[in-house]
Amino acid sequence: GDLIENAKLIVDASPDFVCISGALNTMDEAAARDLVRKAFEASRRGVVFNFLSDRAQPQWMARDIGPARRFNTIAWIDWALSMTTLVSFTQEYLEGHDATILMRRDDI
């Protein structure tokens, strides 16, 4: 199913964790945040997702990645922390090209 068109699919699945990998790369940040928020709220334990970082090493930043786009990494970490205090972040693979955030629910 299309989770953007029908976010109820996540709720109906009642997942422990939701993993979103590669799906945010062509979305604008508002749509991406909306999807991650819905996934986090629908999960019992949390959500993990990755995106293309705007803090990558120069060899990645010089590449044309269209139609994909890079997101503001610091803003995403801050947003995640506004949703839960249990946030893990890594950007240590692909010379910082990708960033991954794990948000765990702190109300369980």
Side-chain angles (χ1 to χ4, degrees):
D2 186 335
L3 298 177
I4 296 167
E5 293 296 320
N6 186 5
K8 189 174 180 314
L9 292 169
I10 302 171
V11 174
D12 291 347
S14 188
D16 286 333
F17 279 95
V18 176
C19 177
I20 302 171
S21 181
L24 307 179
N25 293 344
T26 58
M27 294 180 182
D28 64 50
E29 283 198 59
R33 281 211 180 124
D34 189 50
L35 176 60
V36 172
R37 179 187 54 77
K38 288 175 182 172
F40 182 69
E41 290 172 353
S43 72
R44 289 188 291 212
R45 309 270 324 199
V47 64
V48 61
F49 60 96
N50 66 2
F51 57 92
L52 301 178
S53 174
D54 69 344
R55 301 288 183 107
Q57 289 188 2
Q59 69 267 26
W60 289 107
M61 296 302 292
R63 293 184 185 190
D64 178 9
I65 60 169
R69 59 187 78 197
R70 295 188 180 283
F71 289 162
N72 181 323
T73 303
I74 301 303
W76 272 91
I77 295 168
D78 187 55
W79 176 82
L81 286 167
S82 76
M83 300 282 292
T84 178
T85 59
L86 305 176
V87 174
S88 297
F89 168 77
T90 187
Q91 186 175 297
E92 60 189 342
Y93 54 99
L94 291 176
E95 295 86 31
H97 178 57
D98 279 15
T100 298
I101 294 177
L102 167 64
M103 298 167 53
R104 290 185 297 125
R105 298 186 65 89
D106 54 12
D107 58 353
I108 56 171

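- No donor-acceptor distance shorter than 3.5 angstrom exists from the side chain of Arg45 to the backbone of Arg105, with no hydrogens or angles considered.
- Residue Ile77 holds its CD1 atom at 11.0 Å from OG of Ser88, rounded to the nearest 0.5 Å.
- A donor-acceptor pair is defined here as one N or O able to donate and one able to accept, closer than 3.5 Å; no such pair exists between the side chain of Trp60 and the backbone of Leu52.
- Both Phe51 and Leu81 are assigned to one and the same hydrophobic cluster, defined by single-linkage of ILVMFWY side chains at heavy-atom distances under 4.5 Å.
- Between the Thr100 side chain and the Thr90 main chain, no donor and acceptor come within less than 3.5 Å of each other.
- Rounded to the nearest 0.5 angstrom, Thr26 OG1 and Ile65 CD1 are separated by 11.0 Å.
- Contact of the Val11 side chain with the Glu41 side chain is not registered, since no non-hydrogen atoms from C-beta on lie closer than 4.5 Å.
- Using a 4.5 Å cut-off between side-chain heavy atoms of Ile, Leu, Val, Met, Phe, Trp and Tyr, with links allowed through other members, Leu35 and Leu9 fall into the same hydrophobic cluster.
- For the pair Phe40/Val18, no side-chain contact is recorded, criterion being any heavy-atom separation below 4.5 Å from C-beta on.
- Using a distance-only test at 3.5 Å, with no hydrogens or angles considered, a donor-acceptor pair links the side chain of Asp106 to the main chain of Thr85.
- Scanning all heavy atoms of the two residues, the minimum distance from Ile10 to Ala42 falls at CG2-CB, 3.3 Å.
- A distance of 6.0 Å or more separates the ring centres of Phe71 and Trp79.
- Taking the side chain as every heavy atom from C-beta outward, Arg69 and Glu29 never approach each other to under 4.5 Å.
- At a threshold of 4.5 Å between non-hydrogen side-chain atoms, the residues Arg70 and His97 count as touching.
- We find the CE-CG distance between Met61 and Asp54 to be 6.0 Å, quoted to the nearest 0.5 Å.
- The two residues Ala39 and Val47 make their nearest non-hydrogen contact at CB-CG2, 4.1 Å.
- When all heavy atoms of Gln91 and Ala56 are compared, the closest pair comes out as NE2-N, 4.3 Å.
- Between the CG atom of Leu24 and the CZ atom of Arg33 there is a distance of 11.0 Å, given to the nearest 0.5 Å.
- Val36 places a side-chain heavy atom less than 4.5 Å from the side chain of Trp76.
- To the nearest 0.5 Å, atom CG of residue Asn50 and atom CG of residue Leu102 are 12.5 Å apart.
- In this structure, CD1 in Ile20 is found 11.5 Å from CD1 in Ile101, a value given to the nearest 0.5 Å.
- When the side chains of ILVMFWY residues are joined at heavy-atom separations under 4.5 Å, either directly or via intervening members, Met83 and Val87 end up in a single hydrophobic cluster.
- Within a 6.0 Å radius of CD in Glu92, other residues, nucleotides and ligands contribute 12 heavy atoms or fewer.
- A donor-acceptor contact shorter than 3.5 Å is absent between the side chain of Arg55 and the backbone of Gly96.
- Pairing each heavy atom of Ala99 with each of Tyr93, the nearest pair is C-OH, 3.6 Å.
- Summarising the geometry of Thr73 relative to Ser53, their closest heavy-atom pair is OG1-OG, 2.7 Å, with the distance given to 0.1 Å.
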